[in-house]
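In what follows, a single structure is set out as structure tokens and then discussed.
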2 protein chains.
Amino acid sequence: MSLVTLYNACQVCGDQSSGKHYGVSCCDGCSCFFKRSVRKGSHYACIAVKGNCVVDKARRNWCPSCRFQRCLAVGMNIAAVQEERGPRSQQAQSSQRLLAQTPPAPPSPPAPTVHFQILAQILVTCLRQAKLNEQFRLVARAQQDAILQVVWSECFILRASHWSLDISAMIESCGDMQLKFMLSEAQQLRADLMELNFLETLILCRKELALNADYALILETYSNGALCSLARYTLHRSHWLRFGQLLLGLRQLSLQRYDCALSCMFRNVVRDILKTL
Amino acid sequence: MSLVTLYNACQVCGDQSSGKHYGVSCCDGCSCFFKRSVRKGSHYACIAVKGNCVVDKARRNWCPSCRFQRCLAVGMNIAAVQEERGPRSQQAQSSQRLLAQTPPAPPSPPAPTVHFQILAQILVTCLRQAKLNEQFRLVARAQQDAILQVVWSECFILRASHWSLDISAMIESCGDMQLKFMLSEAQQLRADLMELNFLETLILCRKELALNADYALILETYSNGALCSLARYTLHRSHWLRFGQLLLGLRQLSLQRYDCALSCMFRNVVRDILKTL
DNA sequence: CTCGGTCATGGTTCAAG
DNA sequence: CTTGAACCATGACCGAG
Ligand SMILES: [Zn+2]
Ligand SMILES: [Zn+2]
Ligand SMILES: [Zn+2]
Ligand SMILES: [Zn+2]
């Protein structure tokens with residue numbers, strides 16, 4: 001198992017998710033199960049009485065009670081299940097649907113289109129640069145794309161915070177405090193070009209994102225190589241405290257919340273960008 | 001015999017087929033027989049020893065061994081037999097109960113109460129330990145609490161993954177794939193007690209979480225101190241690489257998604273726990 | 001993109017053998 | 001016991017807005 005699959009995991013059973021359903025990222029099975037359970041209004045009793053049955057892909061059908069409890073525990077919204085409609089042939093519609101829309105819709109940011117375009121350009125440049133990374137370029141394309149779909153934002157923050165031109169006005173206009181804060185924090189690393197390249201390798205070659213054990217080994221080798229190079233380089237030019245600070249700085253690059261402006265703007269287009277590279 | 005009959009014929013015994021089962025068009029009887037045989041793992045012996053008994057509608061029950069062999073011969077897929085499900089008996093009750101038992105949007109402790117309690121105990125221990133951390137204990141309480149409300153989960157993952165007792169059963173019962181994965185990844189750090197303490201300091205003393213500039217300076221000092229200590233310690237006992245790997249390991253500790261089980265369970269009670277410490 | 005419904009194919013049940 | 005006809009549940013798939 002890898003983090004890549006976990007990103008698309010059903011929050012109820014861990015199976016492959018098919019998107020958000022009733023407010024929660026989950027699989028078709030759990031979505032359908034939740035709908036039927038709410039519709040029928042059936043109250044299950046735990047098979048094992050204790051109410052702590054394991055709910056995973058293989059065993060999710062063992063105990064409907066515990067599966068339903070888990071649906072609720074991860075936040076699936078009963079109110080979002082609509083009234084049963086007739087067969088598809090008939091066109092009977094009810095007005096009750098308005099009551100049952102799922103509430104948590106992250107507001108899409110009205111960023112000025114020009115600035116959006118420029119940020120998108122920066123993102124494309126970052127992704128292109130990543131694919132040219134000295135180590136990462138040697139990784140198979142499928143593995144590359146799987147990784148980039150997770151870490152694209154870290155590459156973006158790293159490179160954008162050290163962009164040669166001043167892009168602060170653009171960031172300002174996005175109105176996202178978190179993005180602004182993260183970029184300014186990352187700027188304080190004041191990494192030079194060599195350091196940036198090593199850090200990029202460390203972002204890209206995370207063995208937890210490997211699709212299988214073979215890739216994991218390769219990625220770990222690259223990561224260790226970048227660690228050694230970075231250590232030698234920083235030790236040569238300054239103090240080795242610098243080495244540790246740069247590595248700690250990597251923590252600041254990951255988006256803390258899923259619904260920041262950057263994520264909202266670009267998470268859905270990253271896949272499309274990757275196809276063109 | 002007509003084509004229609006052939007098409008609808010059980011490929012095992014020639015009886016009327018009821019659709020595809022386990023990848024093969026076959027009758028209810030053969031389908032059921034195959035499932036039971038696989039589930040029980042029964043190894044039949046041919047009644048006639050020779051293993052070439054006729055399997056047709058009339059004689060299919062004569063020799064289970066030859067019937068099962070024929071199931072396999074026509075390509076029935078053992079992997080398509082699912083895990084057994086719980087009994088279907090006592091379930092449907094009134095719909096009033098469902099709505100009555102429904103916890104509102106933030107679902108308080110989910111079902112497995114015993115394991116929840118133990119995990120909560122571990123969390124409390126982690127938080128208490130954090131407050132006793134050599135550097136962090138010197139920070140003002142308000143700043144401490146502000147930081148812990150963000151990084152509590154990282155402390156938890158770090159300590160729980162290196163817990164002295166085996167807590168894997170408890171983690172398993174949570175049914176959260178991400179939590180399980182993160183703990184197993186963190187375990188691979190195999191940090192000793194000293195390393196754990198330094199890493200804890202690095203988690204707790206993040207200057208980005210400072211409430212003001214003064215605290216930021218203090219936290220940075222502590223963080224740098226822990227970096228130095230950790231560097232000296234690892235360099236003394238092993239290799240530079242180890243130092244870098246431990247720092248990179250810190251990345252794995254942060255919850256990637258806001259709605260994993262750990263977060264659902266505890267994010268609302270962390271504040272209350274902190275009040276009591 | 002996430003609602004809805006559909007239906008082939010999983011599952012269990014239980015009288016009959 | 002095992003069998004299999006009858007019935008229930010599941011989830012991959014598709015259309016609508
Ligand atoms: Zn699921
Ligand atoms: Zn149960
Ligand atoms: Zn048959
Ligand atoms: Zn035989």
Side-chain angles (χ1 to χ4, degrees), chain A residues 10 12-13 15-40 42 44 47 57-65 67-68 76-94 96-106 108 264 267-269 271, chain B residues 8 10 12-13 15-40 42 44 47 57-65 67-68 76-92:
Chain A
C10 166
V12 176
C13 73
D15 195 2
Q16 181 70 225
S17 152
S18 70
K20 283 208 168 194
H21 299 281
Y22 311 107
V24 166
S25 165
C26 66
C27 68
D28 276 331
C30 291
S31 149
C32 226
F33 170 78
F34 184 74
K35 175 178 66 183
R36 277 193 300 262
S37 300
V38 172
R39 288 252 179 83
K40 282 188 312 189
S42 45
Y44 305 110
I47 303 292
K57 180 176 159 68
R59 287 168 282 187
R60 64 190 176 200
N61 284 317
W62 171 259
C63 178
S65 169
R67 189 185 192 183
F68 189 67
M76 290 179 80
N77 179 11
I78 289 186
V81 176
Q82 301 173 3
E83 184 183 317
E84 193 166 0
R85 300 174 187 173
R88 262 208 291 259
S89 51
Q90 287 190 336
Q91 297 292 339
Q93 286 294 344
S94 120
Q96 310 230 346
R97 292 175 55 190
L98 286 176
L99 296 172
Q101 287 305 328
T102 133
S108 95
C264 286
R267 69 182 168 218
N268 292 321
V269 296
R271 180 191 301 259
Chain B
N8 291 325
C10 168
V12 177
C13 73
D15 194 1
Q16 182 69 227
S17 148
S18 69
K20 284 205 169 197
H21 299 280
Y22 311 105
V24 167
S25 169
C26 65
C27 68
D28 278 330
C30 291
S31 148
C32 238
F33 170 78
F34 182 73
K35 175 182 60 189
R36 278 194 296 260
S37 302
V38 172
R39 286 250 181 87
K40 284 187 310 187
S42 40
Y44 306 109
I47 301 285
K57 178 176 178 175
R59 286 170 281 187
R60 66 191 177 197
N61 283 320
W62 185 250
C63 178
S65 171
R67 190 185 192 182
F68 188 67
M76 290 178 79
N77 178 13
I78 289 184
V81 176
Q82 301 174 1
E83 191 91 5
E84 200 171 346
R85 297 180 187 175
R88 209 172 2 120
S89 49
Q90 9 76 314
Q91 274 169 17

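Order of the sequence lines fixes the chain letters, A, B, ..., with proteins taken first and strands second; residue numbering starts at 1 for each chain. In this text the structure is predicted, and so the values were computed from the model without any measurement.
A cation-pi geometry, defined here as NZ or CZ lying under 6.0 Å from the six-membered ring centre and within 45° of its normal, holds between A:R67 and A:F33.
In this structure, the side chain to side chain contact (heavy atoms under 4.5 Å, CB included) partners of B:N77, at least two apart in sequence or on a different chain, are B:A79, B:A80. Partners of B:R36 according to the side chain to side chain donor-acceptor pair (under 3.5 Å) rule, which considers only residues two or more places apart in sequence or in another chain, do not exist here.
What separates CZ of B:F34 from C1' of D:dT2 is a distance of 18 Å, to the nearest Å. Between the CD atom of A:Q16 and the C1' atom of D:dT10 there is a distance of 18 Å, given to the nearest Å. Residue A:Q82 contributes atom CD, which lies 12 Å from atom P of D:dG17 at whole-angstrom precision. The nearest whole Å value for the distance from the CZ atom in A:R59 to the P atom in D:dT10 is 17 Å. One can place CH2 of A:W62 at 16 Å from P of D:dA9, the figure rounded to the nearest angstrom. As a whole-Å value, the separation of B:E83 CD from D:dT10 C1' is 15 Å. Per the geometry, CD belonging to B:E84 stands 9 Å off P belonging to C:dT13, to the nearest Å.
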Can you give me the N/O atom pairs linking the protein to nucleotides 11-14 of chain D at distances under 3.5 Å, or say none if there are none?
{"unit_1": "D:dG11", "atom_1": "OP1", "unit_2": "A:R60", "atom_2": "NE", "d": "2.6"}
{"unit_1": "D:dG11", "atom_1": "OP1", "unit_2": "A:R60", "atom_2": "NH2", "d": "2.6"}
{"unit_1": "D:dG11", "atom_1": "OP1", "unit_2": "A:N61", "atom_2": "ND2", "d": "3.3"}
{"unit_1": "D:dG11", "atom_1": "OP2", "unit_2": "A:R67", "atom_2": "NH1", "d": "3.2"}
{"unit_1": "D:dG11", "atom_1": "OP2", "unit_2": "A:R67", "atom_2": "NH2", "d": "2.9"}
{"unit_1": "D:dG11", "atom_1": "N7", "unit_2": "A:R36", "atom_2": "NH1", "d": "3.2"}

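The phosphate of D:dT2 (OP1 or OP2) has a side-chain N or O of B:K40 nearer than 4.0 angstrom. Residue A:Y22 has a polar side-chain atom (N or O) positioned under 4.0 Å from OP1 or OP2 of C:dG4. Between A:R39 and C:dC3 there is no side-chain N or O to OP1 or OP2 distance below 4.0 Å.
Put simply, the side chain of A:R39 gets close to the backbone of A:Q82: a donor and an acceptor are under 3.5 Å apart.
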Exercise for the section: Output, in order, the C-alpha distance, side-chain angles, deciding distance and verdict of side chain to side chain contact (heavy atoms under 4.5 Å, CB included) for B:F34 and B:C26. Expected result: CA-CA 10 Å; B:F34 182 73; B:C26 65; over 6 Å; no
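Rounding to the nearest 0.5 Å gives a distance of 3.5 Å between CG of B:D28 and OG of B:S18.
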